[in-house]
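On a predicted model such as this, the values are computed, not experimentally measured, just so you know.
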Amino acid sequence: LQGPIRLAVSGGADSVAMAVLLIRYGRRVALQKDLSILHLNHHWRGRESGQDQRWVRGLARRLGVPFQTVDLDARVPAGESLEAWGRDQRWKVFRRYRRGWVFLAHHRQDQAETVLWRVLSGAPKSQWAGIYPEHGRVFRPLLGTCREDLREFLKEEGVSWREDRSNQDPRFLRSQLRRNVVPSLD
């Protein structure tokens, strides 16, 4: 791949594993000078959001790559889904980087959750295909990898990560799928 590659890192295990893999071992994918970490701060979790941002900044420093953060608008319009609003805000940022790539850390369980979510929420049939590995200048290198392998890799590398408690929030269908359905299917 040519051009800058921004690794979208939230601080969670998946994105941290992607960053460590590519920065430490990804010489065949990209030159280290082309890699940087991009953190998007939704500001939805108050102090925890700021702690995530500081933690990811420290990770970038430890890995020796540039760090950039983008503050997203936390004010969700009335009647808008929090998850949909966040996704739209993130895609607006990703579209800014047309002269390079943005790598996202979606993995095999995310793929399963997405397909199930789209089926259960009544998404159009054309969307039931799931997550595409490449969408414009956005690439998902871990789509065939399982979550447990990524966490095991981080343990072997001695790298910690942060847990986002909103991923377990039962108000969201995706969280219910993550906690109750996908593990059974796995």
Side-chain angles (χ1 to χ4, degrees), residues 1-23 26 29-45 48-50 52-60 63 65-77 80-115 117-118 121 123-124 126-145 147 150 161-162 164 166-167 172-175 178:
L1 299 174
Q2 293 187 346
I5 297 174
R6 291 163 184 88
L7 307 173
V9 177
S10 65
D14 313 332
S15 62
V16 171
M18 177 187 66
V20 171
L21 273 165
L22 288 168
I23 293 166
V29 176
L31 299 173
Q32 184 160 351
K33 71 173 186 60
D34 291 334
L35 298 172
S36 65
I37 288 180
L38 171 65
H39 178 76
L40 306 179
N41 190 339
H42 291 86
H43 297 280
W44 289 339
R45 293 177 296 115
E48 282 183 55
S49 294
D52 288 348
Q53 182 175 326
R54 287 187 293 282
W55 191 91
V56 174
R57 180 182 291 120
L59 175 68
L63 293 173
V65 297
F67 171 80
Q68 177 185 6
T69 189
V70 175
D71 292 305
L72 301 176
D73 187 353
R75 298 166 296 164
V76 180
E80 182 80 36
S81 153
L82 181 69
E83 289 178 307
W85 175 250
R87 185 177 48 254
D88 290 346
Q89 294 293 304
R90 290 188 297 273
W91 277 98
K92 284 179 185 176
V93 172
F94 299 155
R95 283 192 286 275
R96 291 184 205 164
Y97 300 114
R98 291 190 181 108
R99 291 199 173 126
W101 293 86
V102 175
F103 277 33
L104 304 180
H106 292 112
H107 50 73
R108 192 166 64 204
Q109 282 86 349
D110 291 325
Q111 181 74 286
E113 290 169 13
T114 299
V115 170
W117 180 85
R118 287 176 174 167
S121 66
S126 64
Q127 294 297 312
W128 290 4
I131 302 171
Y132 295 108
E134 190 175 327
H135 182 84
R137 303 296 283 179
V138 172
F139 186 64
R140 297 172 179 92
L142 303 178
L143 208 48
T145 308
R147 176 183 290 130
L150 297 171
W161 63 87
R162 293 185 54 84
D164 178 345
S166 68
N167 286 332
F172 304 119
L173 176 58
R174 185 176 289 278
S175 295
R178 181 174 295 136

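For the atom pair CG (Leu104) and CD (Glu134), the distance works out to 11.5 Å, reported to the nearest 0.5 Å. Between Lys92 atom NZ and Asp73 atom CG the span is 8.5 Å, to the nearest 0.5 Å. Residue Arg6 holds its CZ atom at 11.5 Å from CZ of Phe94, rounded to the nearest 0.5 Å. In this structure, CD in Glu113 is found 8.5 Å from CD1 in Ile131, a value given to the nearest 0.5 Å. Rounded to the nearest 0.5 Å, atoms CZ (Arg108) and CG (Leu142) are 12.0 Å apart. Expressed to the nearest 0.5 Å, how far CD1 of Ile5 lies from OG of Ser36 amounts to 9.0 Å.
Looking only at side-chain heavy atoms (C-beta outward), Asp52 and Asn41 stay at 4.5 Å or farther from each other. Annotation: side chain of Gln53 is in contact with side chain of Asp71 (closest heavy-atom distance under 4.5 Å).
The backbone N or O of Gly100 lies less than 3.5 Å from a partner atom in the side chain of Arg137, making a donor-acceptor pair. Remark: side-chain polar atoms of Asp110 are paired, donor with acceptor, to backbone N or O of His107 under 3.5 angstrom. Of the possible polar contacts, one joining the Thr69 side chain to the His39 backbone as a donor-acceptor pair under 3.5 Å is found. Gln109 contributes a side-chain N or O that, together with a main-chain N or O of Arg147, makes up a donor-acceptor pair within less than 3.5 Å. A side-chain donor-acceptor contact under 3.5 Å links Ser15 to the backbone of Ser10.
Shortest non-hydrogen contact noted between Ala8 and Met18 is O-CE, 3.6 Å. Residues Asp34 and Gly3 approach most closely at CB-O, 3.7 Å, considering heavy atoms. For the pair Trp161 and Gly12, the tightest heavy-atom approach, listed with the atom from each and the gap, is CB-C, 3.9 Å. Taking all atoms of both residues into account, the shortest heavy-atom contact from Leu38 to Val70 is CD1-CG2, 3.9 Å. Tyr132 and Arg140 make their closest contact through O-NH1, 2.6 Å (heavy atoms, listed as atom of the first residue, atom of the second, distance). Scanning both residues, His43 and Leu72, for their nearest heavy atoms gives CD2-O, 3.9 Å.
Under the 30°/60° scheme for interplanar angles, the aromatic rings of Trp101 and Phe103 are found to stand perpendicular.
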For this session: Evaluate the criterion side-chain contact (heavy atoms from CB on, under 4.5 Å) for residue pair Leu7 and Ile23; output intermediate values, then yes/no.
Result: CA-CA 10 Å; Leu7 307 173; Ile23 293 166; 3.9 Å; yes
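Within a 6.0 Å radius of NE2 in His135, other residues, nucleotides and ligands contribute 12 heavy atoms or fewer.
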